[in-house]
Participant: 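I have a structure here, written as structure tokens, and I will follow up with some questions on it.
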Amino acid sequence: MTKLNEIVMNQEHKLREQLTKVEQKLLLYETILNSLDVGIQVIDKHETTIVYNTMMAKLEGEDVNNILGKKLLSTMPYLQAENSTLITALKLGRPLNDRRQTYITAQNKRVITVNSTTPIYFNNELFGALEIAKDITFIQMLAEKLIDLQQNLSVQKNALNITHPFSTRYTFSDIIGNSDTLRTVKLQANRAARSSSNILLYGETGTGKELFAQSIHNASLRRHSPFVAINCAALPEHLLEGLLFGTAKGGFTGALDRPGFFEQAQGGTLFLDEINSMNINLQAKLLRVLQEHSIRRVGATNEIAVDIRVISAINVNPFDAIAQKQLREDLYYRLGTVALHIPPLREHKEDIPIYINHFIEKYNPIMGLDVKKVSATVLDAFYQHSWSGNIRELQHAIEGAMNLILTESEIEMHHLPALFLSSLLTTSKSSQAANINCTEPTTLIEHRDTIEKELICAAFKKSNGNITWAAKSLGLTRQLLQYKLKKYNLK
């Protein structure tokens, strides 16, 4: 019996030691949780809070004891299920990273956080969800004060008869180029300008989408009203909502009455560039505005009617953006009543000489030069280039080259910017990937010309001499192919 007691006492001692270690670990974990500068909250599968650290309580103005062990929505009446990242992650069963969440606490304090939320699994069964919240309210307030200062400065400038910051300067006459491709889209845009239907412009970076947007506005009946342009990719997500819809004084602590871009564009045009970079949740709010023709300022309860035309732009095919969850499909159909494709430069290369002359004429007086043209070698290199940066890349190439000219009247290859020359070389090397036998040339340009002639000959042979089909198979326009036929004396 004594030995049995001894065994029991030893086991009891070991259990006490294990319990002490567990309690120490729990205390350590609790200390770590309450020392973090981010909010931590965990709910179980029944949406009951089982972990709620000090920072989260401070952030939301709550008492830890009033939250722990209770249903999430019952303790936070200002929060709705569809707006809760915790509940959303729990229902979807997948992580939600870097989601912005804005809500007004019971103390009438606006809280803005960036949340990373992940479901928790135990033995392959959904157990609950964990959320880590970073408070960015102070950053938002600083940004809003900066915006207020900028707007006050704009008001002062307008009082001094300085040009309005949202004025436009481009019309369709500024869109140069005589190619059929460009003339077609200009005609379509000009026709669309007559109505107030929303327009979606899609095309690669550097094709001139804002130039088209301003031209449409200036050709419309709204031309005497504001044109407000916003690059959605250039503005932080936590700022964009307040900038678009404005804020209401007293709607939350420290809030000021400030009209958003929708109100500032009243009667005119709102241009939303890179719309696919806008958060999906904010896209839903934008969709509502387009449907209801009214906005509600952040922190306000009343609706403000707006009469604007929205022109939006996207640098990828909109259906690709929809497939990649960058653009809501229902929003696309609201924005794209008229959808216009702005063609890349490689699809209208016959306009390159026009653009070259335009940019030379633009920079000659600025730089005090008398440049007349580009050399034949440079022109030929421009025709061969793929122009991933489109017209903007061509403009930078001409401007960069003219910065390196002294008294010359012609832009030569050695004047072109080094990075651009490197890009040309890359294009030339890719052309060599075509397995074509040719005599060994003495220069890179000759090597490229030889390859190009043989490719043209092969295309003509395959198309039985049909110039239209040959041009299509080479990825050239008919006019550009005719130019090359004349250049290489091919018949």
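Computed from heavy atoms alone, side chains included, the values below leave out hydrogens, waters and symmetry copies.
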Participant: For the backbone of Gln326 and the side chain of Gln283, can you confirm whether one donor and one acceptor N or O come within less than 3.5 Å of each other?
Facilitator: yes

Participant: If we ignore hydrogens and angles and just use 3.5 Å, is the side chain of Asp273 paired with the main-chain N or O of Ile230 as donor and acceptor?
Facilitator: no

Participant: If you apply the rule side-chain hydrogen bond (donor to acceptor under 3.5 Å, both in side chains), what do you find for Ser116 with Glu131, and how did you get there?
Facilitator: CA-CA 6 Å; Ser116 290; Glu131 181 162 275; over 6 Å; no

Participant: Would you say Asp380's side chain and Thr377's backbone share a donor-acceptor pair under 3.5 angstrom?
Facilitator: no

Participant: Under 4.0 Å between a side-chain nitrogen and a carboxylate oxygen: does that hold for Arg222 and Asp307?
Facilitator: yes

Participant: Using a 3.5 Å distance criterion without hydrogens, assess whether the side chain of Ser215 forms a donor-acceptor pair with backbone atoms of Thr171.
Facilitator: yes

Participant: Could you check whether any side-chain heavy atom of Pro343 comes within less than 4.5 Å of a side-chain heavy atom of Leu182, counting everything from C-beta outward?
Facilitator: yes

Participant: Using the side chain to side chain donor-acceptor pair (under 3.5 Å) definition, which of the options Arg392, Arg346, Lys209 pairs with Glu204?
Facilitator: Arg346

Participant: Given side chains that start at C-beta, do those of Leu272 and Leu244 come closer than 4.5 Å, heavy atoms only?
Facilitator: yes

Participant: For the residue pair His348 and Tyr355, categorise the inter-ring angle as parallel (less than 30°), tilted (30 to 60°) or perpendicular (more than 60°).
Facilitator: perpendicular

Participant: Is the closest side-chain heavy-atom distance between Ser220 and Arg309 below 4.5 Å?
Facilitator: yes

Participant: Would you indicate whether Tyr170, at its atom OH, is surrounded by more than 12 heavy atoms from other residues, nucleotides or ligands within a distance under 6.0 Å?
Facilitator: no

Participant: Is the backbone of Ala133 close enough, under 3.5 Å, to the side chain of Asn115 for a donor and an acceptor to pair up by distance?
Facilitator: no

Participant: Determine whether more than 12 heavy atoms belonging to other residues, nucleotides or ligands lie under 6.0 Å from atom CG of Leu221.
Facilitator: no

Participant: Hey, is Lys349 close enough to Asp351 for a salt bridge, meaning N to O under 4.0 Å?
Facilitator: no

Participant: Is the backbone N or O of Gly39 less than 3.5 Å from a side-chain atom of Gln41, with the two atoms forming a donor-acceptor pair by type?
Facilitator: no

Participant: Answer yes or no: does atom CZ of Arg191 have more than 12 heavy-atom neighbours from other residues, nucleotides or ligands under 6.0 Å?
Facilitator: no

Participant: Taking His415 for the side chain and Ile398 for the main chain, is one N or O donor matched with an acceptor at less than 3.5 Å?
Facilitator: no

Participant: Are the charged groups of Glu292 and Lys285 less than 4.0 angstrom apart, N to O?
Facilitator: no

Participant: Quick check: do Lys373 and Ile356 have side-chain heavy atoms less than 4.5 Å from each other?
Facilitator: no

Participant: What do the steps show when you test Arg297 against Glu263 for salt bridge (charged side-chain N to carboxylate O under 4.0 Å, His left out), and what is the final call?
Facilitator: CA-CA 10 Å; Arg297 291 184 180 182; Glu263 290 179 70; 2.8 Å; yes

Participant: Any donor-acceptor pair under 3.5 Å linking the side chain of Asn403 with the backbone of Glu399?
Facilitator: yes

Participant: Run the ring-centre check on Phe271 versus Phe261 and record whether the distance is less than 6.0 Å.
Facilitator: no

Participant: Strictly by modelled atom types, are Glu393 and His385 linked by a side-chain donor-acceptor pair under 3.5 Å?
Facilitator: yes

Participant: Measuring only between side-chain heavy atoms, which start at C-beta, is Glu274 closer than 4.5 Å to Asn315?
Facilitator: yes

Participant: Does the Asn364 side chain pair with the main chain of Val371, one donor and one acceptor, at a distance under 3.5 Å?
Facilitator: yes

Participant: Quick one, Leu369 and Tyr363 - any side-chain contact, counting heavy atoms below 4.5 Å?
Facilitator: no

Participant: Between Asp370 and Thr407, is there a donor-acceptor pair closer than 3.5 Å when you use the side chain of the first and the backbone of the second?
Facilitator: no

